[in-house]
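To start, the structure under review is shown below, and the notes come after it.
Whatever order the structure lists them in is the order used to number ligands and atoms, beginning at 1.
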Amino acid sequence: MLTNIVRGGQKVILRLEDILNKIFSSEQNILYYHGAMPNFFMWMLFLSGLLLFAYYTPTLEAAYQSVEYITKKLPYGDVIRGIHRYAADAMYLTVVLHAIRVYFTDRYREYRIIAWYSGIALSLFMLVIGISGYILVWDQRSLTIVNKFAEFLAALPFIGETLSHGFINGDIISNYTMSMSFFLHTGTSFALLILLWVHYMRISRPVVNVTWAIGSLLAGLVLVIAGAVPALSGEEANFNAMLPSIPIMDVDWFYLWLFPLIDLVGNYGAWAALIVGLVVVTLLPNFVKSEDSEPASVNKDSCVGCRLCSIDCPYEAIYMAPRNDGSKYKELAVVINDRCAECGLCVGACNFDAIELPTYRSTQVMDDIRIALQD
Ligand code: HEM
Ligand code: SF4
Ligand code: SF4
């Protein structure tokens, strides 16, 4: 059933890509930059964050005022703050679209599974960055977040109390809480870069940059929204008037959805929903049957150990193993199935018809090439 839905979704996505190709050309088709777009917004966040960092003071007494100074007094400070806020939302939105795209087009199997798992970790990291970012503003919403997040952490069995105390340092919200939030915000942002390296590790030529035209369009959109809906603080945090929950109008649904969820189902319910959600997303790749496909396979009798396939394979999916089966050749090509992307390059590299894609015979490859050349 899910397999049929995914296949249906795939047809819709590919059709949409076709239409955009006709209108904008394949080079400027925004759908081909589904992974590059979150990356673009991430660099916008680093750049605008660096400017905010220069004027921000992470203490209970000064945090709110420093953000007010940036927004109201610093030239273009309000624009930079707006860019930071809306690029963060745009990044989450495009990450979700990216995950849907790779899921519906079946691009998460075998060697790509590392990208799927690291992608889930990336979205969790982004959540931590977003929540801690909203604490840094130190308005009434920030105070509610600190309070509810500490209670949420404490509800986790065994390690919850330790985590919660580590987050606010004991039972009292102090400057330590601000430093910790600042650390979580900036430290996790840098950890994101390391995780991205893992994300790209097994992808041979990841498309990480958008074109100039698409980049200008995306940056322009963020700028327009930042100008139209300025990012502002609420009232300064007041311990004597702490709000029991974040007013619905103040919820950023990309990063703060956890808090309305806690209001709805309680801390234990929210933990249960989070864990079940994570398990389901992690296992999603197993719910869809793979299309008929098999990795490359080597015919031992024909392989002369020339190494060409191993050199040409862009996914490092072939290694040369010493032979001890009585053959006059010294080495044999061996395919690492989990890494094979079934791209067929090794089939083209081998002059001895010794390596095949079982579902795509070399004769068929040659026929297809001939037909393509005639077109
Ligand atoms: C910080 C957030 C993320 C960024 C910046 C990012 C970026 C990228 C980029 C640039 C690529 C290469 C795309 C290409 O070459 O066409 C990619 C591939 C991939 N990503 Fe992400 N990604 C993020 C989050 C995620 C998430 C949340 C998931 C899913 C849970 C995910 C799953 C994948 C998969 C499976 C691939 C391989 C797809 C392929 O080879 O075509 N990513 N990512
Ligand atoms: S088909 Fe051949 S070249 Fe392509 S990934 Fe598999 S082993 Fe490597
Ligand atoms: S290119 Fe063909 S003959 Fe050469 S090592 Fe690979 S499989 Fe063997």
- Between W43 and F46, is the ring centre distance below 6.0 Å? yes

- For atom CD of E235, is the number of surrounding heavy atoms from other residues, nucleotides or ligands below 6.0 Å larger than 12? no

- Task: Check the surroundings of atom CZ in F287: do more than 12 heavy atoms from other residues, nucleotides or ligands lie under 6.0 Å from it?
- Result: yes

- Under 4.0 Å from one or more heavy atoms of E342, ligand 2 contributes atoms 1 (S), 6 (Fe)

- Task: Go through ligand 1 atom by atom and flag the ones less than 4.0 Å from a non-hydrogen atom of A99.
- Result: 29 (C)

- Task: Within a distance under 4.0 Å of any heavy atom of F352, pick out the atoms of ligand 3 and give their elements.
- Result: 3 (S)

- Note on the structure: the protein heavy atom lying closest to atom 6 (Fe) of ligand 3 turns out to be C309 SG, 2.3 Å

- Task: Start with the C-alpha gap between N29 and S26, add the side-chain angles, then the distance that decides, and say whether side chain to side chain donor-acceptor pair (under 3.5 Å) holds.
- Result: CA-CA 5 Å; N29 185 342; S26 59; over 6 Å; no

- Would you say T94 and Y33 make side-chain contact, with heavy atoms under 4.5 Å? no

- I203 heavy atoms within 4.0 Å reach ligand 1 at atoms 18 (C), 37 (C)

- Could you tell me which atoms of ligand 1, counted from 1 in the order shown, lie closer than 4.0 angstrom to a heavy atom of M91? 1 (C)

- shortest atom 4 (Fe) of ligand 2-to-protein heavy-atom contact is with C343 SG, 2.3 Å

- atom 8 (Fe) of ligand 3 to C303: any N/O/S contact under 2.8 Å? yes

- Go through ligand 2 atom by atom and flag the ones less than 4.0 Å from a non-hydrogen atom of Y315. 5 (S)

- Does ligand 1 have a heavy atom under 4.0 Å from the side chain of L196, from its backbone, from both, or from neither? side chain

- Task: Decide if atom CZ of F239 counts as having more than 12 heavy atoms of other residues, nucleotides or ligands within a radius under 6.0 Å.
- Result: yes

- Considering residues, nucleotides and ligands other than E316, do more than 12 of their heavy atoms fall under 6.0 Å from its CD? no

- Task: Determine, using heavy atoms of M320 and all atoms of ligand 3, whether some pair is separated by less than 4.0 Å.
- Result: yes

- Starting from atom 34 (C) of ligand 1, locate the nearest protein heavy atom and write down its residue, its atom name and how far away it is, to 0.1 Å. A115 CB, 3.5 Å

- Message: Looking only at the side chains, is there a donor atom on one of S118 and R202 sitting less than 3.5 Å from an acceptor on the other?
- Response: no

- Query: Heavy-atom contacts under 4.0 Å between V95 and ligand 1: side chain, backbone, both, or neither?
  - Reply: side chain

- Query: Considering M126, H34, H199, R107, which one's heavy-atom position lies nearest to atom 16 (O) of ligand 1?
  - Reply: H34

- Item | Hydrophobic cluster identity match, L20 and Y32, side-chain contacts under 4.5 Å | yes

- So is M42 in contact with ligand 1, going by heavy-atom distances below 4.0 Å? no

- Should the proximity of Y200 to ligand 1, defined as any heavy atom under 4.0 Å, be assigned to the side chain, the backbone, both, or neither? side chain

- Query: Taking atom types as modelled, is there a side-chain donor on Q28 or T211 under 3.5 Å from an acceptor on the other?
  - Reply: yes

- Message: To check your reading of the model: name the closest protein heavy atom to atom 3 (S) of ligand 3, its residue, and the distance in Å.
- Response: V304 N, 3.4 Å

- Any idea which protein heavy atom is nearest atom 2 (Fe) of ligand 2, and the distance to it? C346 SG, 2.3 Å

- Verify side chain to side chain donor-acceptor pair (under 3.5 Å) between Y134 and D252, making sure each step is shown before the conclusion. CA-CA 9 Å; Y134 276 108; D252 177 330; 2.6 Å; yes

- Query: What atoms of ligand 1 come within less than 4.0 Å of a heavy atom belonging to P206?
  - Reply: 12 (C), 15 (O)

- Of R202, M37, H98, the one whose closest heavy atom lies nearest atom 24 (C) of ligand 1 is H98

- Item | Residue I318 vicinity, atoms of ligand 2 by number, heavy atom under 4.0 Å | 7 (S)

- Ring center gap for F167 and F152 short of 6.0 angstrom: no

- Task: Report, in ascending order of atom number, the atoms of ligand 1 lying under 4.0 Å from any heavy atom of I120.
- Result: 30 (C)

- Return the residue, atom name and 0.1 Å-rounded distance of the protein heavy atom closest to atom 5 (S) of ligand 2. A341 N, 3.3 Å

- Message: Let me check something: do F259 and M242 share a hydrophobic cluster, defined by ILVMFWY side-chain heavy atoms less than 4.5 Å apart, either directly or through other members?
- Response: yes

- of all protein heavy atoms, closest to atom 28 (C) of ligand 1 is G119 CA, 3.6 Å

- Of all the atoms in ligand 1, which lie at a distance below 4.0 Å from a heavy atom belonging to P38? 5 (C)

- Message: Between H84 and I80, is there a side-chain heavy-atom distance shorter than 4.5 Å?
- Response: no

- Message: Which residue and atom name correspond to the protein heavy atom nearest atom 8 (Fe) of ligand 2, and how close is it?
- Response: C313 SG, 2.3 Å

